[in-house]
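Remember, it's 1-based here, ligands and their atoms both numbered in the order they're listed. Just so we're clear, the structure is a prediction, and the values are computed from it rather than from any experiment. Note that these values count all heavy atoms, side chains included, but never hydrogens, waters or copies made by symmetry.
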Amino acid sequence: MGTQKSIVLVTVDCLRADHVGFMGYDRPTTPFLDSLAGESFVFPAAIVAGAPTYYSFPAILASRYPLALGRDVLGLGPDEPALASVLKQAGYATASFGAANPYLSSRFGYEKGFDTFRDFLEDEREPTSHEKANALASNRWASRLKRKLHKVGAGLGPMGILYDELYFEYCQRVTPVADSLDALRRFPAADVVVHRACTWLSSIGDAPFFLWLHLMDPHTPYYPREAALELLGHEPVTPYRARYLNSYWNRSDLGPRRFARHRDEVIALYDAGIRWGDAQMAQLVETLRGLSLWNNCIFAFTADHGEEFLDHGGRYHPPSRLMEELIRVPLLLRVPGSVKQEVTKSPFSMLHLAPTLLDAAQLSAPKSFQGRSYWEQLRQGESFDGLAISECVAGCTNPYRPENRIGPRVLSVRESRFKLILHFDPAAEDLYDLEADPGEQAPLATTAQNAVRRRLLEIAREHLSRSIEGRDWRTRVQVRLRELRLEWKNPADKASPVAS
Ligand SMILES: [Zn+2]
C-alpha cells in the first residue's frame with residue numbers, strides 16, 4: 001500500500017448538529033460515530049456556507065460561497081476545480097454514491113472528477129398503478145378537505161380544530177396505504193448506497209482513493225427503515241401512522257401550535273433515519289478494515305444543512321432564515337496518525353473543509369478555493385478565531401425555475417458569540433448574542449452592541465463586494481447551456497422540485 005492517504009467524505013442531508021450523540025444529543029442516534037469520536041476531531045460549531053443542498057455543496061466540494069459566481073449559477077462551475085478533480089489529478093481512484101438528490105447530479109456539475117458517479121436518479125421508475133391511485137386519491141381528498149374546512153372550520157372556534165383533526169384523519173384512512181415503510185420511502189436507504197460503495201472499494205486494489213457518499217435517510221418524507229426504529233429503542237410505527245404524520249407535517253394550512261402536537265412523533269422518524277445512517281457507517285468502516293484500507297484513510301462525516309422542527313415556527317429546510325438549526329452541522333474528522341485534540345469552539349466554515357482535507361493528505365489546494373486549511377491548527381490543538389458566512393436566496397425552493405433564483409439574498413455572519421442575519425428585502429438586520437441566547441429567541445435591541453454590529457456589517461459588505469467582483473459571464477453562460485441541454489433532453493424535469 002502507498003503512503004498517500006485516502007479520503008472518505010460522508011455527507012448526510014438535513015442532519016442538524018444537535019441530533020447526533022457526539023454533539024450531546026440524548027437519544028442514541030449515533031452510537032458507532034460516537035465511538036469513532038474518541039479518535040477524531042469533533043467540531044463544536046461547523047457552519048455551512050448556505051442552505052439547502054444547492055446553496056451548501058459548492059462550499060463543501062469546491063470551497064466556494066454558493067452565490068459567488070452569481071445567483072444563476074447553481075452547482076459547480078464547468079471549469080471549477082473541486083475535491084474530486086484535484087484528487088483524480090493526483091492519481092486517486094474516485095467514486096461517488098449518492099441517494100438520489102437531484103441537486104447533486106451531473107445536471108449541476110457534480111460528476112466532474114469522479115471515475116464512478118452513481119446518483120441513483122436513473123433508478124427512478126414509473127409509478128405503479130397502486131401509487132398512481134394513491135396520489136390521485138390524496139389529491140382528491142386534499143381539495144375535498146380544503147372545501148369542507150373552509151365551510152365549517154372557521155366558525156367553530158376550538159371545535160373547528162377538533163373537526164379539522166378528525167376530518168384529516170378520516171381522509172387519511174380512506175386513502176389506500178402501502179404495506180411497509182420501505183414502499184413509502186422516496187430515496188434509497190443508506191444500506192443500498194453503502195453496499196454499492198463497498199463493492200467499489202473491493203475493486204480498486206491499493207490505489208489511494210476518494211469516496212464521497214451522500215445519504216438521504218433523515219430527509220423528508222420521513223420513512224425510516226423499520227429496523228432503525230428498533231435500533232433506536234423506539235416502538236414500531238405502522239405505514240399508516242407514518243404516512244399520516246408526514247401528510248400532517250406537510251400541511252400548509254396550519255400554524256406552529258397545531259404542528260406541535262405531532263412534533264415528537266415526527267422527530268422520532270427523523271432520528272431513526274440518522275440511526276440507520278450510523279449503522280451503515282459501522283458497515284462501511286468494517287469493510288475498510290477488512291480490506292486493510294482503514295488505517296490509511298481520512299474519514300470526514302458531516303451534513304449539508306440542518307432541519308427545522310418548529311424551533312422558530314418552521315419545518316423542513318427552506319432558504320428563508322439562517323438560524324442555527326439550519327446552518328450548524330456535525331463535523332467529525334478522523335485522520336490516521338494524528339493525535340486527537342480538542343477543537344476550539346469558534347465557528348468553522350465548511351468553506352475550509354476541502355482545503356483542510358487536502359492538506360491532511362499532504363496535497364495543496366487549487367487557487368480558486370476561497371477557504372483555507374486549518375490542518376496545522378487542528379493537529380497542534382491550537383485555538384483559532386474563525387468566522388462563518390452563510391448565504392442563500394430567500395424563497396428559492398425550486399431552483400429548477402431560473403426566475404426562482406433571483407430573489408433577495410439572506411446573509412449571516414457568525415462569530416463565536418455574535419451572529420448577524422441580514423435580510424435584504426424587506427431590509428432587516430438581526431443581531432443575536434449566542435452566549436446569552438443560544439436558541440436565537442430574540443434579537444438584541446437595535447441600539448445594543450453597536451460596535452459589534454458595525455464590525456459584522458463591514459464583514460458582510462466586504463463579502464458582498466467580493467462576490468460581485470467574482471462573477472464572470474463565461475461561467476454563467478456555460479452553466480445555463482448545461483442546464484438547457486438537459487432540459488431539451490428531458491423536458492419533463494424542468495419543473496420538478498423533488499428534494500433539497
Ligand atoms: Zn440538502
Side-chain angles (χ1 to χ4, degrees), residues 9-20 46-62 64-67 74-76 82 96-110 119-121 185-190 193 212-224 246 249-250 266 269-271 273-274 276-277 300-309 311 314-331 349-351 353-354 390-400 404-405 410 412 496-500:
L9 170 64
V10 180
T11 50
V12 181
D13 221 288
C14 304
L15 177 53
R16 49 189 278 171
D18 56 0
H19 276 243
V20 300
I47 305 292
V48 295
T53 310
Y54 34 94
Y55 295 133
S56 175
F57 268 98
I60 296 177
L61 294 178
R64 191 247 306 153
Y65 286 111
L67 305 179
L74 210 68
L76 304 182
S96 161
F97 300 89
N101 186 322
Y103 296 115
L104 299 178
S105 61
S106 54
R107 179 185 182 124
F108 301 112
Y110 286 102
D119 57 17
F120 289 84
L121 286 164
R185 185 169 315 110
R186 186 181 289 168
F187 306 102
V193 178
W212 169 39
L213 300 181
H214 186 71
L215 307 180
M216 293 287 278
D217 299 69
H219 192 286
T220 180
Y222 310 114
Y223 294 118
N246 275 290
W249 199 248
N250 195 33
V266 170
L269 296 175
Y270 167 83
D271 284 344
I274 302 170
W276 194 244
F301 178 92
T302 188
D304 62 344
H305 52 81
E307 186 82 335
E308 298 183 45
F309 289 106
D311 312 70
R315 294 155 292 146
Y316 310 123
H317 44 271
S320 55
R321 288 168 296 187
L322 296 165
M323 309 312 271
E324 292 291 282
E325 57 270 21
L326 207 58
I327 65 169
R328 193 161 154 250
V329 292
L331 173 57
S349 169
M350 294 298 279
L351 202 66
L353 180 63
S390 312
E391 61 184 8
C392 63
V393 172
C396 180
T397 50
N398 182 4
Y400 276 85
N404 217 256
R405 301 180 196 168
V410 184
S412 77
S496 57
V498 197
S500 50

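- Checked against the Zn ion (ligand 1), the N, O or S atom of Asp304 at the shortest distance is OD2.
- Backbone or side-chain N, O or S atoms of Ser56 do not reach the Zn ion (ligand 1) at under 2.8 Å.
- The one candidate from Tyr110, Phe97, Phe57 that meets the ring pair (Phe, Tyr, Trp, His ring centres under 6.0 Å) condition with His214 is Phe57.
- Residue Cys14 does not count as close to the Zn ion (ligand 1), with no N, O or S atom under 2.8 Å.
- The nearest N/O/S atom of Asp13 to the Zn ion (ligand 1) is OD1.
- Aromatic ring orientation, Tyr400 versus Phe108: perpendicular (interplanar angle above 60°, classes split at 30° and 60°).
- By the 30° and 60° cut-offs, the orientation of the rings of Phe187 relative to His219 is perpendicular.
- Between Tyr270 and Phe309, the ring-plane angle classifies as perpendicular under the 30° and 60° cut-offs.
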